[in-house]
2 protein chains.
Amino acid sequence: MEKNIKRRNTHQRKVILEILRSTDIHPTADWIYERARQVIPNISLGTVYRNLKILKDEGLILELNDGKQSRFDGRIDQHFHFKCINCNSIYDIDNKQIINVEYNDLQKEGYQIRSFDVIFSGICPKCNGNQN
Amino acid sequence: MEKNIKRRNTHQRKVILEILRSTDIHPTADWIYERARQVIPNISLGTVYRNLKILKDEGLILELNDGKQSRFDGRIDQHFHFKCINCNSIYDIDNKQIINVEYNDLQKEGYQIRSFDVIFSGICPKCNGNQN
DNA sequence: TCTTAAATAATAACTATTATTATATAATTA
DNA sequence: TAATTATATAATAATAGTTATTATTTAAGA
């Protein structure tokens, strides 16, 4: 994607970012599209995808993935994720203190670290006990 | 997928697992397919996908994802990953000592943790210095 | 207000993955 | 060892998530 492009602050992009920031369910592009249509009835799914890519490029959102679909996250402060292997939900994990990462050694080996995510996998509290 | 199915130990599945265990590049299904064709010329891509799913289901391999494609990992001992945002390579990170995860609190909240991965994102040593 | 390049809506195209089905084969049984 | 049976295969079609195309619209600067 072009880096030094003069971006226009469009209504569509503002609505998409607002929708994403209003939820913690890490929605798919399609979910965001359905929500956006309630505000801009003739918005296009392509517009949703394009703007999600731009927002990610600008560091305003994160892209996760589910295995088969991309999911998006309006939170960009350091936090982690739990992926339920039963219902496929993704939860935010806020207990920063549970994880201690020291990556000086990696940097010495030449890795430039921009970010990191910890993704737990298992059964979520809702599914726990009533699995199919 | 059926759980109590009587599995047959096919030549195709053995070859696929062998190929995956022989590399550390976390290949895509298509890469594995090309390699497998050198051993079984008329193997089908569908067979590769089906067996990768079975092997994952049996806990013999891991599935990572790259954003748009699945990547597979023949290593199942605890280790972490580094994803280069420049060349898209995924590297294994072995320094277990750099990461300390304590998830008792999560378990108390009802999360059943089966596994976790730490994914660093940034520029790899090879790309460091000669980015495009 | 005029100009211009970026963004949009609509839609087509692409691609990774999964499903379908007739045939082949591993493994069990006789 | 031969017959049986259900699983796996190869070939191919179908699906679905995402990206590309293009004529038109629009945000933002002059």
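Being a predicted model, the structure only gives us computed values, none of them experimental. Lettering follows sequence order; numbering is per chain, from 1.
Among residues at least two apart or in separate chains, salt bridge (Lys or Arg N to Asp or Glu O under 4.0 Å) pairs with a member in residues 36-48 of chain B are B:E34-B:R37. The stretch residues 74-92 of chain B participates, sequence neighbours left out, in these salt bridge (Lys or Arg N to Asp or Glu O under 4.0 Å) pairs: B:R75-B:D77, B:R75-B:D92, B:R75-B:D94.
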Quick one: side chains of residues 101-108 of chain A, donor-acceptor pairs under 3.5 Å with protein atoms, not counting sequence neighbours, listed by atom name and distance.
from	atom 1	to	atom 2	distance (Å)
A:E102	OE2	A:N104	ND2	3.1

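The minimum heavy-atom distance between B:Y111 and A:C124, with the atom names listed, is CD2-CA, 4.3 Å.
Side-chain contact check for A:K6 versus A:R8: every heavy-atom pair is 4.5 Å or farther apart.
Qualifying salt bridge (Lys or Arg N to Asp or Glu O under 4.0 Å) partners for B:R71, counting only residues two or more places apart in sequence or in other chains: B:D66.
Between its opening and closing five pairs, the helix from C:dT1-D:dA30 to C:dA30-D:dT1 changes axis direction by 40°, a value rounded to 10 degrees.
Summarising the local packing, CD of A:E58 is surrounded by more than 12 heavy atoms from other residues, nucleotides or ligands at distances under 6.0 Å.
If you take NZ of A:K14 and C1' of C:dA6, they are 15 Å apart, rounded to a whole angstrom.
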Can you build the contact string for nucleotides 7-21 of chain C? Use B for base contact, S for sugar-phosphate-only contact, and - for no protein heavy atom under 4.0 Å.
SBBB-----SBB---
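In this pair, A:F120 and B:F116 present their aromatic rings tilted. The plane angle is within the 30 to 60° band.
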